[in-house]
Amino acid sequence: MIIPQIPKGFRDFLPGKMNLRKKIIGAVTEVFESFGFEPMDTPCLEYAETLEGKYGEEGDRLIYKFQDRGGRSVALRYDLTIPLSRVVATYPELTRPFKRYQIAPVWRADKPQKGRFREFYQCDIDIIGTESAYADGELVIITYLVLKKIGFDNFLIRINNRKLLNAFAVKEGINDRQVPSFFRSIDKYDKIGRDGVMKELQNNFTVSKSLETKLDDYIFSEENRKQTGLSEIAKLVEGMPAGDEGLRELETIRDSFSAYGVPEKYYMFDFSLARGLDYYTGPIFETIVTEPRIGSITGGGRYDNLIGLFSRNPVPATGTSFGLERIVTVLDEMGIGGSDGTMTRILVTLFDADLMADNLRIAKTMREADLNVEVYFSPQKLKKQLSYAANRGIPFVVIQGPDEISQGTITLRNMNKGTQEVLSLGDLISTVKNSVLQ
RNA sequence: GUGGGUGUAGCUCAGUUGGUUAGAGCACCAGGUUGUGGCCCUGGGGGCCGAGGGUUCGAAUCCCUUCACUCACCCCA
């Protein structure tokens with residue numbers, strides 16, 4: 001016997017969970033499409049060189065990489081952004097701005113833990129070919145709409161701009177090579193706090209007293225981590241053109257929110273947000289939830305220089321990603337995700353083997369009325385057939401025995417209420433359909 | 001890559017200072033009820049106690065090794 005097992009960090013999705021995942025994907029897709037995004041897919045396998053060197057040192061280590069039979073070095077995609085960049089460079093004829101969504105698995109050779117897997121789904125939206133900060137704003141509005149639609153309320157979208165952080169770093173004399181590491185330390189503010197960040201910075205850089213004061217006054221200042229602080233933060237990057245540009249972009253994003261009516265409680269400009277990936281160049285954003293502590297559930301930002309790596313012509317781009325498993329984890333924690341659902345509405349029980357032909361006809365009529373119907377295959381005890389329906393969560397059961405046959409009727413049992421009524425097939429169908437609407 | 005925790009029935013877990021044939025609840029199957037699930041009652045199937053080695057008259061229990069799972073760090077969705 002072969003021991004049934006699957007690789008660490010990989011999972012089976014049983015029907016109960018799969019129905020929930022499909023529901024989430026459906027909600028996400030609807031919002032994406034309502035903003036004009038179109039579906040796209042790419043192969044799960046890419047040449048290793050396409051992926052390598054894009055995510056930073058840590059990211060590269062987590063790429064699943066191996067040789068194919070021809071000795072070529074290939075890799076499972078690590079995210080959906082790099083494959084998209086490759087696509088855009090491959091098909092320059094795509095009309096821009098190019099807005100696509102992609103819901104697909106990605107693979108990372110990470111050590112699994114709560115809310116983290118080696119194979120997981122991302123739901124990406126990206127807008128390629130525009131520098132407008134309204135595009136960035138749209139992504140964040142969509143983030144808000146999607147999470148609301150799924151039923152979340154306890155979330156906070158953090159927004160910042162790499163240009164601000166960059167300008168600040170340059171102004172403070174941090175050299176180019178150290179900037180990513182500088183960002184990563186800043187980014188830990190939420191986790192390790194002010195003192196933790198300072199300690200890390202002091203280990204890697206020479207932190208002047210004035211830099212420390214500025215970090216305290218602007219980056220870590222609670223007051224300034226609100227949208228009202230945009231004018232205050234301006235002082236931080238005074239005289240740096242890139243900084244001004246970054247500020248204007250954030251103002252544009254803020255304007256989109258107020259135009260769209262995104263309530264202020266769901267977002268904040270947070271100057272301690274930096275994000276780990278190397279390729280971000282402009283506005284960056286991520287969503288955190290307070291209840292289960294599982295990092296971020298969405299994350300993204302502008303990456304104007306990435307497509308240039310695959311093409312002579314650099315193309316501006318911005319995008320964001322929803323982590324499907326993290327959303328499911330939060331729903332589970334909220335007690336919404338645990339229930340095993342079924343799409344099946346009715347089970348037609350088999351009272352006697354001779355009645356199978358009748359059952360098939362009943363089921364056919366019901367299916368033609370757009371109901372999901374299952375027929376039971378063997379004439380086992382009703383007790384058994386009913387408990388089967390109950391275990392599956394099927395809400396209605398059809399029973400047709402000698403009594404019904406002689407009267408030309410059908411019995412419909414409501415499994416949730418424990419009630420049943422004797423009806424004609426037509427009435428039965430409308431009863432079930434009306435109950436669906438409830 | 002670094003550190004902690006846990007491995008006993010399908011699942012959640014008991015199992016005393018080492019001592020007969022390893023337990024419970026849930027789930028499953030059968031019956032109580034040959035036209036009715038959930039509640040109740042009765043019975044039943046299920047275990048290489050993660051694996052390998054050692055100590056011992058005797059090991060689920062002690063020691064070593066190893067594997068698996070899990071949580072945290074790093075990083076990330």
Side-chain angles (χ1 to χ4, degrees), chain A residues 1 3-11 14 24 28 55-63 77-81 103-124 143 180-181 183-185 187-188 191-192 196 200 274-278 280 285-289 292-301 319-330 347 349-352 355 376 379-406 411-420 422:
Chain A
M1 190 190 77
I3 297 163
Q5 53 183 358
I6 53 177
K8 187 208 272 276
F10 289 69
R11 291 157 305 153
L14 268 31
I24 296 169
V28 166
Y55 305 106
E57 204 179 316
E58 191 68 21
D60 274 7
R61 234 190 47 207
L62 301 178
I63 295 174
R77 66 177 165 225
Y78 176 92
D79 69 0
L80 303 177
T81 307
I103 297 169
V106 301
W107 293 269
R108 295 181 190 177
D110 212 341
K111 217 164 182 176
Q113 52 185 274
K114 186 176 182 138
R116 172 184 296 185
F117 307 94
R118 288 186 170 169
E119 177 183 56
F120 62 97
Y121 277 68
Q122 290 193 322
C123 315
D124 267 41
T143 302
S181 147
F183 286 168
R184 269 192 281 272
S185 297
D187 194 50
K188 288 179 194 163
K191 269 189 192 166
I192 60 179
E200 236 188 81
R275 299 200 45 79
L277 294 178
D278 281 359
Y280 293 121
F285 17 84
E286 73 175 32
T287 308
I288 51 169
V289 288
R293 290 189 162 271
I294 46 153
S296 48
I297 57 174
T298 85
T320 195
S321 181
F322 296 75
L324 183 58
E325 351 294 311
R326 296 234 165 134
I327 289 172
V328 171
T329 303
V330 175
L347 176 75
T349 57
L350 183 59
F351 196 88
D352 187 281
L355 296 173
Y376 205 86
Q380 286 173 308
K381 290 181 174 184
L382 264 186
K383 181 190 175 89
K384 178 138 181 140
Q385 301 191 43
L386 285 174
S387 63
Y388 170 76
N391 288 339
R392 285 280 312 281
I394 299 172
F396 292 99
V397 166
V398 159
I399 301 165
Q400 198 185 33
D403 297 351
E404 288 85 355
I405 295 282
S406 65
T411 293
L412 176 70
R413 181 173 180 82
N414 182 321
M415 294 298 283
N416 296 324
K417 291 181 185 163
T419 56
Q420 57 191 47
V422 180

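Residue numbering restarts at 1 for every chain, and letters A, B, ... go by the order of the sequence lines. On a predicted model such as this, the values are computed, not experimentally measured, just so you know.
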Worksheet item: When the ring planes of A/Tyr78 and A/Tyr55 are compared, do they come out parallel, tilted or perpendicular, using 30° and 60° as the limits?
Response: tilted
Discussion item. Roughly how many Å apart are B/rA60 and B/rG18, using the C1' atom of each and rounding to a whole number?
Written reply: 10 Å
Worksheet item: Under 4.0 angstrom, heavy atoms only, what part of the nucleic acid is A/Thr298 near: base, sugar-phosphate, or nothing?
Response: sugar-phosphate
Response to the item:
Interatomic distance, OG1@A/Thr349 vs CG@A/Leu382, rounded to 0.5 Å, equals 5.5 Å
Fill in: Earlier contact from the 5' end, RNA chain B, for A/Pro7 and A/Thr287
A/Pro7
Discussion item. Heavy-atom nearest nucleotide on RNA chain B for A/Gly323 versus A/Pro112: which residue maps closer to 5'?
Written reply: A/Pro112
Item to complete: Take atom CD of A/Glu286 and atom P of B/rC76, then tell me their distance rounded to the nearest Å.
Response: 9 Å
Fill in: C1'-based separation of B/rC57 from B/rC69 [nearest Å]
36 Å
Discussion item. Give me the stems containing RNA chain B, sorted by first residue, counting only three or more consecutive Watson-Crick or G-U pairs with both distances under 3.5 Å; say none if there aren't any.
Written reply: B:1-7 with B:67-73, B:10-13 with B:23-26, B:28-32 with B:40-44, B:50-54 with B:62-66
Discussion item. Taking 4.0 Å as the cut-off, does a side-chain nitrogen or oxygen of A/Lys111 come that near to OP1 or OP2 on B/rG3?
Written reply: no
Worksheet item: Whole-Å distance between B/rA77 C1' and A/Ile103 CD1?
Response: 14 Å
Worksheet item: Expressed as a whole number of Å, how far does the C1' atom of B/rU65 sit from that of B/rU55?
Response: 15 Å
Practice prompt. Ignoring hydrogens and angles, answer whether the base of B/rC74 and the side-chain atoms of A/Arg61 contain a donor-acceptor pair closer than 3.5 Å.
Written response: no
Worksheet item: How close or far is atom P of B/rC76 from atom CG of A/Asp60, stated in whole angstroms?
Response: 12 Å
Item to complete: Measure from the ring centre of A/Phe120 to the centre of the six-membered ring in the base of B/rA77, then say whether that distance is under 5.5 Å and the planes meet at under 30°.
Response: yes
Worksheet, complete the sentence: Between the CZ atom in A/Arg326 and the CD atom in A/Gln122, the distance rounded to the nearest 0.5 Å is 10.0 Å
Discussion item. As a test of understanding, state which of A/Ile394, A/Val397, A/Leu347 forms a side chain to side chain contact (heavy atoms under 4.5 Å, CB included) with A/Met415.
Written reply: A/Val397
Discussion item. What's the gap between B/rU21 and B/rA30 when it is taken at their P atoms, as a whole Å value?
Written reply: 33 Å
Practice prompt. List the protein contact pattern of nucleotides 34-39 of chain B with one symbol per nucleotide (5' to 3'): B for base contact, S for sugar-phosphate-only contact, - for none; contact means a heavy-atom distance under 4.0 Å.
Written response: -BBBB-
Fill in: Pairwise P distance for B/rG1 and B/rG58, with rounding to whole Å
41 Å
Fill in: Short side-chain N/O contact to B/rC71 OP1/OP2 from A/Gln113, under 4.0 Å
no
Discussion item. For the C1' atoms, the ones on B/rG3 and on B/rA77, what distance do you get once it is rounded to whole angstrom?
Written reply: 24 Å
Item to complete: Give A/Phe117 one of three labels, base, sugar-phosphate or nothing, depending on what nucleic acid heavy atoms sit under 4.0 Å from its own.
Response: base
Item to complete: Could you tell me the separation between the CD atom of A/Glu286 and the CG atom of A/Asp187, rounded to the nearest 0.5 Å?
Response: 6.0 Å
Worksheet item: Between B/rA27 atom P and A/Tyr388 atom OH, what is the distance in whole Å?
Response: 19 Å
Worksheet, complete the sentence: In whole angstroms, the gap separating P of B/rG1 from NZ of A/Lys8 amounts to 10 Å
Discussion item. Rounding to an integer number of angstrom, what distance separates B/rG5 and B/rC28 when you compare their C1' atoms?
Written reply: 32 Å
Worksheet item: How long is the line joining CZ of A/Arg11 and P of B/rU70, in whole Å?
Response: 11 Å
Item to complete: Kindly indicate, with the supporting measurements, whether the criterion side chain to side chain contact (heavy atoms under 4.5 Å, CB included) is fulfilled by A/Thr143 and A/Phe322.
Response: CA-CA 8 Å; A/Thr143 302; A/Phe322 296 75; 3.9 Å; yes
Response to the item:
In whole angstroms, the gap separating C1' of B/rG10 from CG of A/Leu14 amounts to 13 Å
Discussion item. A side-chain contact here means heavy atoms from C-beta on lying under 4.5 Å apart; do A/Leu355 and A/Gln400 qualify?
Written reply: no
Worksheet entry | Whole-Å distance separating the CG atom of A/Leu62 from the C1' atom of B/rC74 | 10 Å
Practice prompt. Locate the shortest heavy-atom distance separating A/Leu324 from A/Cys123; write the atom from each residue and the value.
Written response: CB-SG, 4.4 Å
Worksheet item: If we take the C1' atom in both B/rU2 and B/rA24, what is their distance in whole Å?
Response: 40 Å
Item to complete: Kindly write out the residues that satisfy salt bridge (charged side-chain N to carboxylate O under 4.0 Å, His left out) with A/Lys384, not counting sequence neighbours, or none if the list is empty.
Response: none
Fill in: From CD1 (A/Ile24) to OH (A/Tyr121), nearest 0.5 Å
13.0 Å
Discussion item. What verdict does the side chain to side chain donor-acceptor pair (under 3.5 Å) test give for A/Thr411 and A/Gln420, after you've listed the backbone C-alpha separation in whole Å, the side-chain angles of each residue and the deciding distance to 0.1 Å?
Written reply: CA-CA 7 Å; A/Thr411 293; A/Gln420 57 191 47; 5.3 Å; no
